[in-house]
Student: 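The structure follows.
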Protein chains: 2
Amino acid sequence: MPPAHPTAPEKFALALRTLRQHQQRVTAPRRAVLSVLTRRHGPFTADEIHRRISKGVCDIVTVYRCLTTMEEINLVRRCDFGDGSYRYEFNTGEHHHHHIICRVCHRVKTLEFCVAETLERMARKMGYANVTHTLEIFGVCGGCSRAAGVRG
Amino acid sequence: MPPAHPTAPEKFALALRTLRQHQQRVTAPRRAVLSVLTRRHGPFTADEIHRRISKGVCDIVTVYRCLTTMEEINLVRRCDFGDGSYRYEFNTGEHHHHHIICRVCHRVKTLEFCVAETLERMARKMGYANVTHTLEIFGVCGGCSRAAGVRG
DNA sequence: ATATGTGCAAATTCTTTGCATTAGA
DNA sequence: TCTAATGCAAAGAATTTGCACATAT
């Protein structure tokens with residue numbers, strides 16, 4: 001069986017395969033987007049991804065289109081931290097997880113733990129099909145708390 | 001002690017009192033917004049609220065400003081279903097709750113139950129202060145499933 | 001060869017802001 | 001009275017769309 005945490009190149013190769021399996025073409029912009037997303041987990045906004053791509057490879061519009069396509073085939077997951085823009089992360093399919101977002105420095109930590117199965121089960125009992133959920137935790141991280149404490 | 005589920009007029013009266021307590025003026029647009037939000041739990045988008053207000057009472061911009069003010073004094077809660085617009089609901093302060101949103105008809109049910117305390121506790125242990133969370137459940141409700149089933 | 005993907009410009013959608021005017025307290 | 005709230009117009013930000021051109025298969 002594959003290692004629990006595939007390396008970036010492994011994820012990248014897997015992603016290209018997944019594209020082809022879904023009759024999607026492997027283009028330079030798609031490679032670039034996937035390269036960013038497999039190297040660091042993110043999640044990143046479309047703009048952040050675009051800025052991490054070598055200048056001139058593609059337009060921000062193309063980044064959006066790549067991400068939409070990739071979300072449709074479950075290669076990426078779209079997250080919403082409620083701050084006005086969506087974020088995208090590579091979907092390894094390994095484990096469902098959530099984020100803790102610092103309200104001050106906006107750094108994101110991943111929580112490899114989910115507590116919402118109970119709620120999903122409840123929703124299914126209520127007659128819902130195709131149940132999913134979003135769950136994000138917000139707070140002020142230790143560093144930012146200390147920084148604020150020192151100042152005032 | 002007050003009843004567990006105050007009536008709409010009770011909520012409305014309470015809301016006006018809360019406004020005054022916070023040195024906020026009681027104006028026609030604010031009454032109109034609160035009237036909508038206390039009559040039905042929602043949550044509603046700014047546009048939905050505006051359309052439910054008698055024509056000519058106020059501009060959509062004013063609805064946004066009312067909602068912002070009301071959120072600041074905790075009279076309303078802002079929800080984000082990740083579909084491009086925020087939704088607002090009256091905050092009775094009674095109990096924290098979540099929503100189940102049908103992906104097809106977009107009808108919202110309230111889940112008077114929260115499972116995320118565990119996660120918040122975990123975040124606090126990780127050194128985060130001022131911890132909150134967002135949690136929404138999505139699915140296809142029974143009615144919509146049946147409708148889809150009948151057709152195809 | 002040909003359908004799919006991309007660039008550029010422009011449109012859309014949601015939300016916020018500036019400023020003169022109106023109206024609560 | 002006098003500050004806070006509103007209307008209107010316009011700005012902003014994020015995302016999507018239209019269409020001609022480029023390119024992966």
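Model, not experiment: these values are computed from the prediction. Within every chain, numbering begins at 1; the chains are lettered A, B, ... in the order of the sequence lines, protein sequences first and strands thereafter.
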Student: When you measure from every atom of DNA chain C, which of residues 33-52 of chain A have a heavy atom less than 4.0 Å away?
Tutor: none
Student: Got a sec, which residues hit side chain to side chain contact (heavy atoms under 4.5 Å, CB included) with Thr62(B), two or more places apart in sequence or on another chain?
Tutor: Pro29(B), Cys58(B), Asp59(B), Cys66(B)
Student: In residues 63-73 of chain B, which residues come under 4.0 Å of DNA chain C by heavy atom?
Tutor: Tyr64(B), Arg65(B)
Student: Rounded at 0.5 Å granularity, tell me how far CZ in Arg107(B) sits from SG in Cys141(B).
Tutor: 6.0 Å
Student: Note the angle between the end axes of the helix from dA1(C)-dT25(D) to dA25(C)-dT1(D), five pairs defining each, rounded to 10 degrees.
Tutor: 40°
Student: Determine all donor-acceptor pairs shorter than 3.5 Å in which one atom belongs to a side chain in residues 115-125 of chain A; sequence neighbours excluded.
Tutor:
residue: Glu120(A); atom: OE1; partner: Arg124(A); partner atom: NH2; Å: 3.0
residue: Glu120(A); atom: OE2; partner: His133(A); partner atom: ND1; Å: 2.5

Student: Which whole-number value in Å describes the distance from Arg87(B) CZ to dC14(C) C1'?
Tutor: 12 Å
Student: Of all residues at least two apart in sequence or in a different chain, which pass the side chain to side chain contact (heavy atoms under 4.5 Å, CB included) check with Thr132(B)?
Tutor: Arg103(A), Phe138(A)
Student: Report yes or no: do Leu111(A) and Val131(B) belong to one cluster of Ile/Leu/Val/Met/Phe/Trp/Tyr joined by side chain heavy-atom distances under 4.5 Å?
Tutor: yes
Student: Other than Val140(B), which residues form its hydrophobic cluster under the rule that side-chain heavy atoms must be closer than 4.5 Å?
Tutor: Val104(B)
Student: Which residues within residues 77-86 of chain B lie with some heavy atom under 4.0 Å of an atom in DNA chain C?
Tutor: Gly84(B), Ser85(B), Tyr86(B)
Student: Can you check the Ile60(B) CD1 to dT13(C) C1' distance for me, whole Å?
Tutor: 12 Å
Student: Distance check needed: dG24(C) P versus Arg30(B) CZ, whole Å only.
Tutor: 11 Å
Student: Take the protein atom CD1 of Ile53(A) and the nucleotide atom P of dG7(C), then report the distance between them rounded to whole Å.
Tutor: 10 Å
Student: Quick check: does any side chain N or O of Asn91(A) sit under 3.5 Å from a backbone N or O of Arg77(A), one acting as donor and the other as acceptor?
Tutor: no
Student: Return the value, rounded to whole Å, for the distance between atom CG of Leu19(B) and atom C1' of dA5(D).
Tutor: 12 Å
Student: Assess the residue pair His99(A) and Glu89(A) against the criterion (side chain to side chain contact (heavy atoms under 4.5 Å, CB included)); give the C-alpha distance rounded to whole Å, side-chain angles, the decisive distance to 0.1 Å, and a yes or no.
Tutor: CA-CA 11 Å; His99(A) 302 107; Glu89(A) 66 186 6; 2.9 Å; yes
Student: For the pair made of CG in Asp59(B) and C1' in dT16(C), what is the distance, rounded to whole Å?
Tutor: 13 Å
Student: For the pair Arg39(B) and Ser35(B), evaluate side chain to side chain donor-acceptor pair (under 3.5 Å) and give the outcome as yes or no after the intermediate values.
Tutor: CA-CA 6 Å; Arg39(B) 261 203 271 276; Ser35(B) 171; 2.6 Å; yes
Student: Who are the ring pair (Phe, Tyr, Trp, His ring centres under 6.0 Å) partners of His22(B), not counting sequence neighbours?
Tutor: none
Student: Show the distances under 3.5 angstrom between N or O atoms of the protein and N or O atoms of nucleotides 23-25 of chain D.
Tutor:
residue: dA24(D); atom: N3; partner: Arg25(A); partner atom: NH1; Å: 3.2
residue: dT25(D); atom: OP1; partner: Val26(A); partner atom: N; Å: 3.1

Student: How would you list, by chain and number, every residue that makes a side chain to side chain contact (heavy atoms under 4.5 Å, CB included) with Asp47(B), sequence neighbours excluded?
Tutor: Thr45(B), Arg51(B), Ile60(B)
Student: Are the side chain of Glu71(B) and the backbone of Thr68(B) linked by a donor-acceptor contact shorter than 3.5 Å?
Tutor: no
Student: Checking one residue: Leu75(B). Which other hydrophobic residues are in its cluster under the side-chain 4.5 Å linking rule?
Tutor: Phe12(B), Leu16(B), Leu19(B), Val26(B), Val33(B), Leu34(B), Val36(B), Leu37(B), Phe44(B), Ile49(B), Ile53(B), Val57(B), Val63(B), Leu67(B), Met70(B), Ile73(B), Val76(B), Tyr86(B), Tyr88(B), Phe90(B)
